[in-house]
J.: 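Here it is, the structure in full.
Residues take their numbers from the sequence shown, with the count starting at 1. No experiment lies behind these values; they were computed from the predicted model shown. Just so you know, ligand 1 is whichever comes first in the structure, and atom 1 is the first atom listed for that ligand.
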Amino acid sequence: MFHRILIANRGEIALRVIRACRELGIETVAVYSEADRDALHVQLATRAVCIGPARSAESYLNQTAVLTAAVESGCEAVHPGYGFLSENAEFADLCQKCGLTFIGPSGDVIRAMGDKASARAMMKAAGVPVVPGSDGCVADVEEALRWAEDIGYPVMLKATAGGGGRGMRRVFSSQELPEAFAAAQAEAEACFGDGSLYVEKLILHPRHIEFQIMADSRGNVVHLGERDCSIQRKHQKLMEESPSCALTPELRETMGQAAVAAARCCGYLGAGTVEFVLDGEGRFYFIEMNTRIQVEHPVTEMVTGVDLVREQIRVAAGLPLSFTQEEAAVKGHAIEVRVNAEDPANGFRPCPGKTAFVHFPGGCGVRVDSALYNGFTLSPYYDSMVAKIIVHAPTRLGAIRRMRRCLEELTIQGYPTSADLAYLILYHGDYLRGKYDTAFLEEHLEELLSWQSGGHEGAEE
Ligand code: ADP
Ligand code: ADP
Ligand code: MG
């Protein structure tokens with residue numbers, strides 16, 4: 001087992017990794033930017049190294065600075081968290097060159113899955129159903145038009161290098177395509193430095209269902225059930241739950257096996273997520289694989305009892321998975337709410353500021369993952385997510401009631417957050433019935449926000 005690990009991240013996920021390391025008796029080295037001198041991960045790590053200015057490109061994304069810190073502080077491994085360098089194949093390769101274990105799959109696997117067009121091709125070859133679409137990238141608008149004609153409208157243009165919901169455009173007719181193509185390409189170019197696009201059939205009113213998988217170096221691959229992440233805004237997740245109301249036991253079994261096949265076909269190691277869209281007829285299609293720990297991983301931890309970050313570290317050290325497929329059974333129901341420092345009433349405008357006061361919920365079946373504390377000032381340079389509230393209960397309704405109670409207890413003063421909106425969703429009839437898809441939030445946003453100003457008459461119990 002490792003003795004010392006560098007954590008190449010910040011915020012709640014850096015704390016999450018520090019906690020797992022402490023329980024394993026592993027020392028931690030935090031890295032931080034000049035804007036994060038007062039951040040909690042700096043306090044809680046065994047030691048901390050400043051790696052540059054506030055801008056991510058000069059600190060958390062500065063591979064040389066991160067690797068130098070790791071080597072000079074005598075670390076044996078690097079945990080990348082999510083975002084930042086976590087899906088950077090070059091970084092994983094460089095870790096290896098420096099004699100460090102990258103806690104995740106190999107650079108080659110990251111590269112293969114990071115290019116969504118090549119990931120689709122691999123999955124197709126392995127018999128995993130993929131969304132009908134172009135074979136690989138399209139060279140120009142004309143080729144995109146030909147594919148769209150072939151697949152049939154509506155379609156979606158997607159960046160092969162995409163992530164975080166960016167570089168995607170829905171297209172409903174050939175007239176719209178050229179403009180959408182230019183917009184998606186420009187966004188992909190700006191966000192990922194790569195404007196390559198591919199074409200996919202737009203699945204109407206799908207649910208986003210993803211499977212957590214874990215693989216060790218001994219050939220064991222298991223899945224830990226699904227997460228329903230259909231409550232989204234601009235293709236970004238806001239609330240997640242496990243299990244999903246949309247799956248029958250048979251469909252769960254079939255999709256779980258497809259997820260395991262997906263991991264096997266690329267020689268996966270560690271924790272990963274296989275994302276699918278599920279249509280109204282029970283047909284599911286692979287959309288992408290995330291080769292890292294996911295924001296919403298606690299939902300799975302709550303229902304399976306497995307510590308996923310601990311397992312990541314163990315399998316990176318060459319140990320076998322500490323549980324079998326049968327032992328990874330799902331029990332009860334878990335929900336996560338992401339709390340972002342943004343104002344839903346003002347187009348979800350990010351609102352960084354000083355945390356005047358924070359109080360988190362607690363009690364039975366409640367988990368809070370956050371790096372906030374009283375007086376902590378949010379930096380505009382980083383992600384707006386300030387906390388994740390996760391609840392677990394024997395039933396879905398029990399989990400919903402528990403989450404409402406948690407959000408009533410939650411107090412964050414200093415800036416608006418998305419928690420109030422999540423609270424309203426927990427009263428919406430369609431959510432309560434489990435009848436929601438990825439269009440839910442967009443379709444009901446106005447209605448939900450009107451409850452906020454005019455009381456709860458519209459809400460169903
Ligand atoms: P998850 O399913 O784990 O929520 P997200 O796509 O929301 O995955 O990504 C997790 C974090 O990483 C978010 O903060 C998101 O903004 C960031 N992220 C993911 N992919 C990329 C990318 N390709 N470029 C920049 N940031 C990304
Ligand atoms: P990212 O890497 O940004 O997370 P994904 O490929 O996972 O991109 O897609 C993000 C979201 O966009 C999905 O959760 C889903 O809601 C929607 N989406 C993606 N592909 C399709 C599709 N072909 N049809 C309908 N919705 C899609
Ligand atoms: Mg995704």
J.: Is there a donor-acceptor contact under 3.5 Å from the side chain of Glu226 to the main chain of Ser244?
T.: yes
J.: Could you pull out, from Ser230, Gly167, Gly165, the option with a heavy atom nearest to atom 3 (O) of ligand 2?
T.: Gly165
J.: Can you sort out the partners of Arg55 under salt bridge (charged side-chain N to carboxylate O under 4.0 Å, His left out), two or more places apart, ordered by chain and number?
T.: Glu58
J.: Any atoms of ligand 2 less than 4.0 Å from a non-hydrogen atom of His208? List them with their elements.
T.: 13 (C), 14 (O)
J.: Counting heavy atoms only, name the option from Met289, Glu288, His205 that's nearest to atom 4 (O) of ligand 2.
T.: Glu288
J.: Test the Arg207-Tyr436 pair against the cation-pi criterion, namely NZ or CZ under 6.0 angstrom from the six-membered ring centroid and within 45° of the ring axis.
T.: yes
J.: Please check if any side-chain donor atom of Ser106 sits under 3.5 Å from a side-chain acceptor atom of Asp108, or the reverse.
T.: no
J.: Check whether any N or O atom of Leu202, backbone or side chain, sits under 3.5 Å from an N or O atom of ligand 2, and answer yes or no.
T.: no
J.: Counting heavy atoms only, which of His235, Arg170, Met156, Gln232 is nearest atom 16 (O) of ligand 2?
T.: Gln232
J.: Give the atoms of ligand 2, by number and element, whose distance to some non-hydrogen atom of Gly163 is under 4.0 Å.
T.: 1 (P), 2 (O), 3 (O)
J.: Side chains of Gln212 and Glu296: do they bring a donor and an acceptor to under 3.5 Å?
T.: no
J.: Can a salt bridge be assigned to the pair Glu301 and Arg16 using a cut-off of 4.0 Å between side-chain N and carboxylate O?
T.: yes
J.: Need the ligand 2 atom indices (1-based, order shown) with element for anything under 4.0 Å from a heavy-atom of Gly162.
T.: 2 (O)
J.: Out of all atoms in ligand 2, which are within 4.0 Å of some heavy atom of Lys201? Include the element for each.
T.: 22 (C), 23 (N), 24 (N)
J.: Can you tell which of Ile203, Val199, Val155 gets a heavy atom nearest to atom 24 (N) of ligand 2?
T.: Ile203
J.: Any idea how Trp451 and His428 line up, ring-wise: parallel (<30°), tilted (30 to 60°), or perpendicular (>60°)?
T.: parallel
J.: Does an N or O from Thr438, backbone or side chain, lie closer than 3.5 Å to an N or O of ligand 2?
T.: no
J.: For the Mg ion (ligand 3), give me the closest N/O/S atom belonging to Glu275, just the atom name.
T.: OE1
J.: Output yes when a side-chain donor or acceptor of Gln232 lies under 3.5 Å from a complementary backbone atom of Cys229, and no otherwise.
T.: yes
J.: Which of the listed options, Lys237, Lys116, Glu200, holds the heavy atom that is closest to atom 8 (O) of ligand 2?
T.: Lys116
J.: Would you say Glu288 reaches the Mg ion (ligand 3) with an N/O/S atom under 2.8 Å?
T.: yes
J.: Does the Tyr198 side chain pair with the main chain of Gly133, one donor and one acceptor, at a distance under 3.5 Å?
T.: no
